[in-house]
Amino acid sequence: MSFFKKNTLAMNSQADPFYIIVDKDLDAMVLDFFDSMTKANYCHPFSGLELEGKIKVYQHMLEKITSLAGA
């Protein structure tokens, strides 16, 4: 079983804040997709400190994206 957190800014406040995948075949397809994506050349692993640095660099853009998602 897998779950994904919904964008709480763009949802009804009474809705469940998670998507839950209970179908085993669909769950396997989603997990296979993410596994293949992490092995792609456009994905790069970062340490926590490296990620904090990227967040500082791109903070303005990330705030803009999240504020537009909640509009």
Side-chain angles (χ1 to χ4, degrees):
M1 181 185 325
S2 297
F3 69 92
F4 298 92
K5 186 171 182 331
K6 294 179 183 177
N7 178 354
T8 53
L9 297 174
M11 61 180 259
N12 180 335
S13 63
Q14 295 180 355
D16 188 352
F18 297 98
Y19 294 103
I20 300 173
I21 300 175
V22 294
D23 182 89
K24 289 181 181 183
D25 293 332
L26 180 58
D27 188 42
M29 287 191 298
V30 170
L31 293 175
D32 286 343
F33 169 77
F34 283 119
D35 186 49
S36 66
M37 192 171 80
T38 60
K39 293 175 183 169
N41 61 358
Y42 55 83
C43 278
H44 305 281
F46 290 98
S47 70
L49 289 175
E50 291 170 320
L51 186 57
E52 286 177 5
K54 296 291 183 189
I55 290 171
K56 287 179 184 175
V57 170
Y58 298 108
Q59 183 173 357
H60 180 71
M61 179 182 67
L62 294 169
E63 288 173 352
K64 194 69 151 171
I65 290 170
T66 56
S67 69
L68 290 173

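Treat the numbers as computed from the prediction; the structure is a model and nothing was measured.
- For residues 31-40, the pairs satisfying side-chain hydrogen bond (donor to acceptor under 3.5 Å, both in side chains) are Asp35-Lys39, with sequence neighbours left out.
- When the shell of 6.0 Å around CE of Met61 is examined, it contains more than 12 heavy atoms from other residues, nucleotides or ligands.
- Residue Tyr19 places its OH atom among 12 or fewer non-hydrogen atoms of other residues, nucleotides or ligands, all under 6.0 Å distant.
- Under a hydrophobic clustering in which Ile, Leu, Val, Met, Phe, Trp and Tyr are joined whenever their side-chain heavy atoms come within less than 4.5 Å, directly or via other members, Leu51 and Val57 fall into different clusters.
- Taken from CD1 in Ile20 to CE in Met1, the straight-line distance is 6.5 Å, to the nearest 0.5 Å.
- Under the 4.5 Å side-chain heavy-atom criterion for Ile, Leu, Val, Met, Phe, Trp and Tyr, Ile55 and Leu49 are members of distinct hydrophobic clusters.
- When hydrophobic clusters are built by joining Ile, Leu, Val, Met, Phe, Trp and Tyr residues whose side-chain heavy atoms come closer than 4.5 Å, directly or via intermediates, Val30 is not grouped with Phe18.
- Residues Phe34 and Ile21 are members of one and the same hydrophobic cluster, defined by side-chain heavy-atom contacts under 4.5 angstrom among Ile, Leu, Val, Met, Phe, Trp and Tyr.
- Met29 and Phe33 fall within the same hydrophobic cluster, where Ile, Leu, Val, Met, Phe, Trp and Tyr residues are linked whenever their side-chain heavy atoms come under 4.5 Å apart, directly or through other members.
- The CG atom of Asp16 lies 10.5 Å from the NZ atom of Lys5; values are rounded to the nearest 0.5 Å.
- For Pro45 against Glu50, the heavy-atom pair with the smallest separation is O-OE1, 4.4 Å.
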